[in-house]
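Chain letters run A, B, ... following the sequence lines, proteins first and then strands; every chain starts at 1.
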Protein chains: 4
Amino acid sequence: MGTGLSRREKERHRQRGDMLAAALELFSEKGYHHVSMKAIAKRAEFALGTIYRFFSNKEDLYKAAMLEKAGEYHRTLTDVLSGEQGVLAALNAYITAKARIFAPNIEIFYLYFAETGGVSFNLRAGLHEEIGLLHDDLIKRLASVMDKGVRARILRDLDPHDMAVALEGLTNAFLLSWLKDPERHPYEESINTISKLFLEGSLAA
Amino acid sequence: MGTGLSRREKERHRQRGDMLAAALELFSEKGYHHVSMKAIAKRAEFALGTIYRFFSNKEDLYKAAMLEKAGEYHRTLTDVLSGEQGVLAALNAYITAKARIFAPNIEIFYLYFAETGGVSFNLRAGLHEEIGLLHDDLIKRLASVMDKGVRARILRDLDPHDMAVALEGLTNAFLLSWLKDPERHPYEESINTISKLFLEGSLAA
Amino acid sequence: MGTGLSRREKERHRQRGDMLAAALELFSEKGYHHVSMKAIAKRAEFALGTIYRFFSNKEDLYKAAMLEKAGEYHRTLTDVLSGEQGVLAALNAYITAKARIFAPNIEIFYLYFAETGGVSFNLRAGLHEEIGLLHDDLIKRLASVMDKGVRARILRDLDPHDMAVALEGLTNAFLLSWLKDPERHPYEESINTISKLFLEGSLAA
Amino acid sequence: MGTGLSRREKERHRQRGDMLAAALELFSEKGYHHVSMKAIAKRAEFALGTIYRFFSNKEDLYKAAMLEKAGEYHRTLTDVLSGEQGVLAALNAYITAKARIFAPNIEIFYLYFAETGGVSFNLRAGLHEEIGLLHDDLIKRLASVMDKGVRARILRDLDPHDMAVALEGLTNAFLLSWLKDPERHPYEESINTISKLFLEGSLAA
DNA sequence: AATGAATGAGGGTTCATTCAT
DNA sequence: GATGAATGAACCCTCATTCAT
């Protein structure tokens, strides 16, 4: 018993997911203001009014879609970092995972990036903060890996938090560069460059 | 002495500048779609119609405002790089200048960043490309400085273009980190970290 | 019995009709450019946006309103001409019907007339042509009646098409004259005059 | 002695004429509402403000332009009618003159026609009346010619005023028909038809 | 007297949101 | 609960008119 309810809840959750997916697709294709609720309803194959039973307004839907994706990314990246592997393997896995996540979704990356960066304005008040928290958490986890690496004398002896921020900046920059012009600038080489910057005595080796 | 014409032209230019300034303020405060032409007119203290004597539509005004600022930033940063100084001095000056430029204009930085990154959609077609060109030029100039540094055995022996991209990513990341929480994370320390990542034998010293 | 669908369709058609009626009223009262969509919405007792569910823009609404009325007039007049009556009866019926149609709608007559004439400019491209086709059709039908009359030696032996055009011109002129000053110039006398001009040997009688 | 003033007045009159000509050209090309005062100023090669020294507003300019042309037409047509010629010659001259006047100016004809007809709305209040007076005067003069013709037993014995109105309607209709499709419907034949309708015993001859 | 830059009311249209069915 | 027609506020832009130069 309660299965009836449960089934209904599952169904509701599935519908919500369909809406979020449709919304995210359209938002990343055209940008927030160029997507109408009607278009989202159509893409998601729901009636316009039905969307409003799940999200109180467009704003809310946007936030939910972004947070959904951000949460997914965050989960993937933290999973990668928390594996039972060595420091170098973890960082390599992180860098690779980030590329794997964003490559097929460059638009979403931009969106996410803009939010992470801050191009969010009052409009998305709240979203900014929530994504900020995720980002802070990620930095903290990265810093902890860095710390481990420094103590193991694998990484250069710099402030772990700074190194985490640096890694974020480097991966973002190389990702963008790669996505802009995939041929001219293979991502693998970027990984090498990033590694060398962090590794202790890398030149000596 | 042509002062008649010159005065009128100067006046026109001043008005245009006022409009661009007002537009930029508002766009960075609220985002493109949340700013009405009426609001820009009011902020700039012109009549609505007057704006249309200078810019053919909102789109045009936005592009002009962004390009104006982007050009200004680009000029400042390339000036810094082309001084008759050593490699290290040049890079330090660059990093500092970037902070000096963006610190008071974090919103504009986000805007610029978003455009550099790509959150621009069809809407701003053209702008994206033009800013992209400026950015490419900057990278090229940075790479040339890096090359000089590598050949002088001051910097690590990595691909100069990659190092340029890396520097961009690092400065952006640290700037954002600093601007988010100025107390906790002094920008000066970031500069140290950045330096150390690029300097040859920095750990040995 | 499909009544559900039918009812909705009927409702839709009724709404469309109300909008067209309101639009036609206002357009004939004040002219195309002096009527705002808001005013039409108000007169038709719909919200502004609702009108746009039926007509894609003001232009479209105008054309639809004109064509609606033109079609109605055309139907009425061709019906009159195609009755199983004699030539004289047909022409008399035509002249009378025209008066009956336009008398209560002098403004619409002007509008129709202007379109028939050509005061439409690019703006109403298309409408002009469509109304022109209706007009040509009417002339052709009139000419055919004239032809019958000529062959029956009831009407003067002139070119039927010319006679049709002439009848149009005469009825228009007398209608306008009558509508301008109904007392001074009874329409019945106009009919007599028109008849006499076309009848063979009318003076001899 | 007054020559100075006179010269200035002449100059003013010439300027006024240039403005009216430019305005009429544009109005007939595009229609009242699609012509801006700026465009008229440019076509007339005057400054925008200067136009307002001659006409208090756009409305006023339109009326003046229409009345100017209407007066010109009226003068031409009444001149033709008041010549020392026979009735038939006068009517023929009238019909020909009307074609000569309007053929190169079909748009103005439509405009004039619309005003004569009545598509004028509140907007052009006044203009309508004034053109109406000219039109009435023309009808009266035509009627007087008709009367002479009837008394001379050249024309059919119908009410002269009706015949005048009829002639107006016929010439308008044939003119429009001709202007719409000049090849298919030579105006000369129309003249024949018109003549036959009015001439006494024309079929007998 | 001539100029044309500046003004701002007003119009067409879109679209987030509501609510009767 | 689901639907989508109806609503109307708000936006971009034009252009007749004014007035400082």
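Phosphate proximity of dA5(E) to Gln15(B): absent, as no side-chain N or O sits under 4.0 Å from OP1 or OP2. At the phosphate of dG11(E), neither OP1 nor OP2 sits under 4.0 Å from any side-chain N or O atom of Ser36(C). For the pair Thr50(C) and dT7(F), the criterion of a side-chain N or O lying under 4.0 Å from OP1 or OP2 is met.
Taking every side-chain heavy atom of Leu48(B) into account, dC13(F) is the closest of dT3(E), dC13(F), dA5(F). Candidate nucleotides dT13(E), dT14(F), dT17(F) were compared by shortest atom distance to the side chain of Met37(D), and dT17(F) ranks first. Taking only side-chain atoms of Lys58(B), from C-beta outward, the nucleotide of dC12(F), dT17(F), dA6(E) with the closest atom is dC12(F). Distance from the side chain of Tyr52(D) is smallest for dA16(F) among the nucleotides dA2(E), dA16(F), dA5(E).
Each of Gly49(D) and Asn57(A) has a nearest nucleotide on DNA chain E; the 5'-most of these lies closest to Gly49(D).
Panel note: side chain Tyr62(C), backbone Ala23(C); no donor-acceptor pair is recorded below 3.5 Å.
Pair check for dA1(E) finds none; no Watson-Crick or G-U wobble contact set falls under 3.5 Å. Nucleotide dA6(E) forms a pair with dT17(F), judged by Watson-Crick or G-U wobble geometry with both contacts under 3.5 Å. With both pairing distances under 3.5 Å, dA9(F) is matched to dT14(E) as a Watson-Crick or G-U wobble pair.
In this entry the distance linking CD1 of Ile51(B) with C1' of dA5(E) reads 14 Å, nearest Å. The nearest whole Å value for the distance from the CE atom in Met19(B) to the P atom in dT7(E) is 8 Å. Remark: C1' of dG11(E) and CD of Glu59(C) are 15 Å apart, rounded to the nearest angstrom. When rounded to the nearest whole Å, the span between OH of Tyr62(A) and C1' of dC15(E) equals 19 Å. As rounded to whole Å, 12 Å separates atom P of dA6(F) from atom CG of Asp18(C). Look at CD on Glu11(C): it is 11 Å from P on dT21(E), rounded to the nearest Å. Computed from coordinates, the Phe55(B) CZ to dC12(F) P distance equals 15 Å when rounded to whole Å. Atom-to-atom, NZ of Lys38(C) to C1' of dC11(F) comes out at 13 Å; the value is rounded to the nearest Å.
Taking a 6.0 Å sphere around CD of Glu45(D), one finds it holds 12 or fewer heavy atoms contributed by other residues, nucleotides or ligands.
Judged by the 6.0 Å distance and 45° axis criteria, Arg12(B) is positioned over the aromatic ring of Phe54(B). Judged by the 6.0 Å and 45° rule, Lys58(A) forms a cation-pi pair with Tyr32(A).
You'll find the side chain of Lys63(C) reaches within 4.5 Å of the side chain of Glu59(C), heavy atoms only.
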